[in-house]
Amino acid sequence: MSSYTGRFAPSPSGSLHFGSLVAALGSYLRARSQQGKWLVRIEDIDPPREIPGAADDILRTLEQFGLHWDGDILYQSNRLEAYQQQIDNLLADDQAYFCQCTRKQIKEMGGTYDGRCGRLEPPLSSGAIRIRNQSAIASFDDILMGKVTTSTDFAAEDFILKRSDGLYAYQLAVVLDDAFQGITEVVRGADLLEATVRQLSLYQQFGLAEPQWLHLPLASLEPGFKLSKQNHATPVDGNQPQPALQAALTFLGQPQVEWYQDIRLMLEQAVAQFELHRIPGQREILLTN
Ligand code: GLU
């Protein structure tokens, strides 16, 4: 095995649909074609958005597609202490602060939080917790998409690490867990392209080694509307995985593979044929159905 470690990190908010299959397959092919490890992490830190049974359903579907992961599954719900520890350290170092601003107030600020609670003396002792964003990274190089740049306002915002309802923010959890799991390259959908600058700011501020980034095109039915669990994208059929696997390969610009009853043989061929430069470097591909 090489030192490459990749991952697929679904949120259990519904079944695996074609868009999430593309992300799973893309990250799997990339990892296996480099003789790397491929890990699966269940991002279950937002209970109100989760559907009971969805995590097991996703894992079963991955298995039906022959997408076997290395090691144990990491559940973010088992990592809450680590997230809190990081927050406590940041608060103690004055690198994070409490904020009680409402959505309405932030709208009045022009939509970007202006850091006002971070200047209060004495500081607040309850509310949401925001990073005192000292890195404000606004651009990075994506292996597929090239140089990505966001607005400086977005990059410099003191964004939320823990919500006032006590839930940890995705940005915090994803960075701590990718670092914890030794992920060397993050392969995921292009909907998270902009979020990457915030994650990079956290890597820098926490003193963690950054992974490489590779964002895949999103599968959309209409421009700007990716297939998602929220818009009830049809689940892929794990009992008959061959057609969806071929479609996902085509979506990723890869050649078709021979049809086998044993899906693992199809995946083996897909790994052997995988060529990164064939994946279209565009954010979105419209599906015609
Ligand atoms: N859990 C996120 C999702 O399902 C993906 C996070 C990531 O890959 O960084 O959209």
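Only a predicted model underlies this, so the values are computations on that prediction, with no experimental measurement involved. Indexing begins at 1, ligand by ligand and atom by atom, following the structure's order. Just so it is clear, the values below take in all heavy atoms, side chains as well, and ignore hydrogens, waters and symmetry mates.
With a heavy-atom cut-off of 4.0 Å, Asp191 does not touch ligand 1 at all. With a 4.0 Å cut-off on non-hydrogen atoms, Phe8 does not touch ligand 1 at all. Neither the backbone nor the side chain of Gln76 comes within 4.0 Å of ligand 1, counting heavy atoms alone.
For ligand 1 and Tyr170, the ligand atoms under 4.0 Å from any heavy atom of the residue are 6 (C), 7 (C), 9 (O). Set against the non-hydrogen atoms of Leu192, the atoms of ligand 1 under 4.0 Å away are 5 (C), 6 (C), 7 (C), 9 (O). Within the listing of ligand 1, atoms 9 (O) sit less than 4.0 angstrom from a heavy atom of Val174.
The main-chain N or O of Arg278 is never found under 3.5 Å from a side-chain atom of Gln254 such that the two would form a donor-acceptor pair.
Note: no N/O pair closer than 3.5 Å links Val186 and ligand 1 by distance alone.
Arg198 forms a cation-pi arrangement with Phe154, by the criterion of a distance under 6.0 Å to the ring centre and an angle within 45° of the ring axis.
Of all protein heavy atoms, the one lying nearest to atom 3 (C) of ligand 1 is Ser11 OG, 3.5 Å. Ranking the protein heavy atoms by distance from atom 5 (C) of ligand 1 puts Ala9 O, 3.4 Å first. From the protein, the heavy atom lying nearest to atom 7 (C) of ligand 1 is Arg7 NH1, 3.3 Å.
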Checklist entry - Under the side-chain contact (heavy atoms from CB on, under 4.5 Å) criterion, do Leu202 and Val174 qualify, and how do the steps go? => result CA-CA 10 Å; Leu202 293 185; Val174 74; over 6 Å; no
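By the neighbour-count criterion of 12 heavy atoms within 6.0 Å, atom CZ of Arg103 is sparsely surrounded, having that number or fewer from other residues, nucleotides or ligands.
Note on Asp46 versus Arg163: salt bridge recorded, some NZ/NE/NH1/NH2 to OD/OE distance being below 4.0 Å. Using a 4.0 Å cut-off between a side-chain N of Lys or Arg and a carboxylate O of Asp or Glu, Lys104 and Glu108 qualify as a salt bridge.
Here the options are His215, Lys147, Gln212, the test is side chain to side chain donor-acceptor pair (under 3.5 Å), and the partner is Asp142; only His215 passes.
In the candidate list Glu43, Arg188, Gln199, His215, Glu43 is nearest to atom 6 (C) of ligand 1, counting heavy atoms.
Aromatic ring orientation, Phe8 versus Trp38: parallel (interplanar angle below 30°, classes split at 30° and 60°).
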